[in-house]
Undergrad: 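Following this message is one structure expressed as structure tokens.
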There are 2 protein chains.
Amino acid sequence: MAKTKKKKESEWATATNERLSEAGFRRGGARAAVVSLLDEQSCALSAYEIEDLLAQRERAVGRASIYRILEELDELGVVAKVELGQGQARYEPVRPDHHHHHLVCDKCGAVIAFDDAPLERAVHSISKRVDFAVEGHEIVLHGLCADCR
Amino acid sequence: MAKTKKKKESEWATATNERLSEAGFRRGGARAAVVSLLDEQSCALSAYEIEDLLAQRERAVGRASIYRILEELDELGVVAKVELGQGQARYEPVRPDHHHHHLVCDKCGAVIAFDDAPLERAVHSISKRVDFAVEGHEIVLHGLCADCR
DNA sequence: CTAGCGATGAGACTGATTCTCAGGCTAGTT
DNA sequence: AACTAGCCTGAGAATCAGTCTCATCGCTAG
């Protein structure tokens with residue numbers, strides 16, 4: 001329906017493309033389409049949602065490519081893979097200024113983002129105290145959303 | 001090899017069996033074996049680990065039954081299903097006095113439990129502030145364990 | 001313009017989890 | 001104790017997310 005084309009790419013897409021070429025990747029249509037789609041997202045999408053959304057646009061991308069690209073982006077640290085207990089992984093762009101976590105509704109599956117500074121501080125505090133090189137964390141709250149309650 | 005039989009069941013197994021009968025479940029050998037095995041665990045096991053451990057004992061339980069039983073126990077709130085980003089779910093008994101979270105080594109897959117009071121306080125504080133009926137939470141720290149570093 | 005090599009995607013494959021359904025067993029009833 | 005309704009089980013099929021293979025495509029350096 002609506003054509004979301006040419007929406008100026010944000011800092012994230014720019015930084016991501018830079019990272020990609022630094023890492024020695026060539027350009028390619030499939031990867032560009034995935035990066036562009038993720039760039040518009042504020043929260044996490046599953047691989048299948050990404051496949052569907054891209055198919056609805058003018059650029060369908062093979063499943064193998066989607067997974068390969070998401071893994072590369074995850075490895076570069078520009079995308080976060082999050083598991084919300086729904087039997088499938090979700091992926092979201094990592095924006096330095098927008099770190100957040102998720103509330104998941106156990107009934108309807110809705111995913112809601114939230115952030116909290118004290119929580120982050122508590123996590124970082126732990127990271128320093130354990131005999132473990134912490135590289136990332138994931139916090140998921142389960143329950144019922146306002147609609148399902 | 002060693003027969004770990006007749007080890008007195010803990011409060012968890014007792015409470016779990018009570019919950020089950022309250023909820024209208026009949027007794028059954030498969031469920032009893034799963035509850036008994038979980039009762040001995042302090043940390044999370046995957047469904048396959050449970051299947052193997054039960055098979056090594058005198059009581060093998062069908063895979064379908066294991067998943068069905070774990071889901072029932074999860075629903076009753078006596079077992080927690082945790083997803084540690086390893087492509088499979090893990091299950092652990094919920095003990096009121098032993099709430100904990102997990103460190104996962106991205107290289108070797110080791111799972112280490114930890115607990116932290118300030119972190120719990122931060123989570124509970126959030127639970128009260130959001131328009132969402134929070135029923136549980138899961139916190140996973142990723143990184144490299146002492147051995148893999 | 002062209003060769004070399006990375007990028008892509010159709011489809012087979014894997015592994016975890018769920019579904020189906022026939023037969024077994026529990027728990028009331030007599 | 002015997003009987004029976006209906007929950008409990010488990011073997012195997014089905015499903016589903018995710019991975020792998022490999023032939024082909026299309027950047028890009030030269």
Side-chain angles (χ1 to χ4, degrees), chain A residues 16-17 19-37 44-55 57-76 79-91 104 106 109 111, chain B residues 16-37 44-55 57-76 79-91 106 109 111:
Chain A
T16 295
N17 287 323
R19 285 292 206 86
L20 284 166
S21 61
E22 272 170 24
F25 288 102
R26 285 191 185 172
R27 290 206 247 136
R31 189 182 291 125
V34 171
V35 168
S36 160
L37 177 67
L45 292 180
S46 68
Y48 279 66
E49 284 168 351
I50 291 171
E51 185 177 11
D52 288 345
L53 287 170
L54 288 173
R57 297 176 166 201
E58 62 282 3
R59 185 58 160 88
V61 173
R63 184 168 310 153
S65 301
I66 291 175
Y67 280 107
R68 191 188 311 111
I69 291 164
L70 288 171
E71 192 186 327
E72 291 163 1
L73 296 175
D74 183 26
E75 211 110 301
L76 288 177
V79 153
K81 177 178 182 178
V82 298
E83 311 240 356
L84 303 178
Q86 301 173 136
Q88 62 178 216
R90 286 173 171 273
Y91 302 82
V104 179
D106 292 331
V111 175
Chain B
T16 296
N17 287 323
E18 203 168 312
R19 286 291 205 89
L20 283 166
S21 61
E22 272 171 24
F25 288 101
R26 286 190 184 172
R27 290 205 248 132
R31 188 182 293 125
V34 172
V35 168
S36 160
L37 177 67
L45 292 180
S46 68
Y48 278 66
E49 285 168 351
I50 292 172
E51 184 176 11
D52 289 345
L53 287 170
L54 289 173
R57 297 175 167 204
E58 62 280 3
R59 185 55 161 92
V61 173
R63 185 166 307 153
S65 301
I66 290 175
Y67 280 106
R68 191 187 315 110
I69 292 164
L70 289 172
E71 192 187 325
E72 291 162 1
L73 296 175
D74 183 28
E75 211 110 302
L76 287 177
V79 153
K81 177 178 181 178
V82 297
E83 311 240 355
L84 303 179
Q86 300 173 138
Q88 61 177 215
R90 287 173 168 274
Y91 301 81
D106 292 330
V111 175

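Please read all numbers here as calculations on a predicted model, not as lab measurements. Residue numbering restarts at 1 for every chain, and letters A, B, ... go by the order of the sequence lines.
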Undergrad: Can you tell me how far P of D:dA17 sits from CD of B:Glu83, to the nearest Å?
TA: 13 Å
Undergrad: Quick one: B:Glu51 CD to D:dG12 P, roughly how many Å, whole number?
TA: 13 Å
Undergrad: Do A:Arg90 side-chain atoms and A:Leu84 backbone N/O form a donor-acceptor pair below 3.5 Å?
TA: no
Undergrad: Rounded off to whole Å, could you give me the CG-to-C1' distance for the B:Leu84 and C:dA16 pair?
TA: 15 Å
Undergrad: Examine the base of C:dG9 for any acceptor or donor lying under 3.5 Å from a partner atom in the side chain of A:Arg68, and report the outcome as yes or no.
TA: yes
Undergrad: Across the strands shown, which category fits B:Arg90 at heavy-atom distances under 4.0 angstrom: base, sugar-phosphate, nothing?
TA: nothing
Undergrad: Among C:dG4, C:dC25, C:dA16, which is the nearest nucleotide to the side chain of B:Arg26?
TA: C:dC25
Undergrad: Tell me the interatomic distance from A:Glu75, atom CD, to D:dT19, atom P, rounded to whole angstroms.
TA: 12 Å
Undergrad: Using a 4.0 Å heavy-atom cut-off across all strands, classify A:Arg31 as base, sugar-phosphate, or nothing.
TA: sugar-phosphate
Undergrad: Between B:Ile69 and A:Gly28, which has a closest nucleotide on DNA chain D that is more 5'?
TA: B:Ile69
Undergrad: If we fit an axis to the first five pairs and another to the last five of the helix from C:dC1-D:dG30 to C:dT30-D:dA1, what angle do they make, to the nearest 10°?
TA: 30°
Undergrad: Between A:Tyr67 and D:dT19, is there a contact of a side-chain N or O with OP1 or OP2 at under 4.0 Å?
TA: no
Undergrad: Hey, are the side chains of A:Gln88 and A:Tyr48 touching, using non-hydrogen atoms and a 4.5 Å cut-off?
TA: no
Undergrad: For atom CZ of B:Arg27, is the number of surrounding heavy atoms from other residues, nucleotides or ligands below 6.0 Å larger than 12?
TA: no
Undergrad: Both B:Gly87 and A:Arg59 contact DNA chain C. Taking the nearest nucleotide for each, which residue is further toward the 5' end?
TA: A:Arg59
Undergrad: Between A:Tyr48 and D:dA17, does any side-chain N or O lie under 4.0 Å from OP1 or OP2?
TA: yes
Undergrad: Which of these nucleotides, C:dG11, D:dG18, C:dT18, is closest to any side-chain atom of A:Ala64?
TA: C:dG11
Undergrad: Does B:Arg59 reach the main-chain N or O of B:Ala33 with its side chain, forming a donor-acceptor pair under 3.5 Å?
TA: no
Undergrad: Side-chain contact test, heavy atoms from C-beta onward, threshold under 4.5 Å: evaluate it for A:Leu73 versus A:Ile69 and give yes or no.
TA: yes
Undergrad: Would you classify B:Gly24 as touching base, sugar-phosphate or nothing, given that sugar-phosphate means primed atoms plus P, OP1 and OP2, and contacts are heavy atoms under 4.0 Å?
TA: nothing
Undergrad: If you assign each of B:Ser65 and A:Ser65 to its closest nucleotide in DNA chain D, which residue comes earlier from the 5' end?
TA: B:Ser65
Undergrad: Check the distance between C:dT26's P and B:Leu20's CG and give it to me in whole angstrom.
TA: 16 Å
Undergrad: Quick one: A:Glu72 CD to D:dT19 C1', roughly how many Å, whole number?
TA: 14 Å
Undergrad: Rounded to the nearest 0.5 Å, how far does OG of A:Ser46 lie from CD1 of A:Ile66?
TA: 9.5 Å
Undergrad: Is a side-chain N or O of A:Arg31 found less than 3.5 angstrom from the main chain of A:Arg26, in a donor-acceptor match?
TA: yes
Undergrad: Nearest-Å distance, CD (B:Gln86) to P (D:dT19)?
TA: 14 Å
Undergrad: In this structure, how many angstroms lie between the C1' atom of D:dT9 and the CZ atom of B:Phe25, rounded?
TA: 14 Å
Undergrad: Would you please confirm or rule out a distance under 4.0 Å between OP1 or OP2 of C:dT17 and any side-chain N or O of B:Arg63?
TA: no
Undergrad: Under a 4.5 Å cut-off applied to non-hydrogen side-chain atoms, are A:Arg19 and A:Glu22 in contact?
TA: yes
Undergrad: Check this for me: does the side-chain of B:Arg27 come within 3.5 Å of the base of D:dC8 through a donor and an acceptor?
TA: no
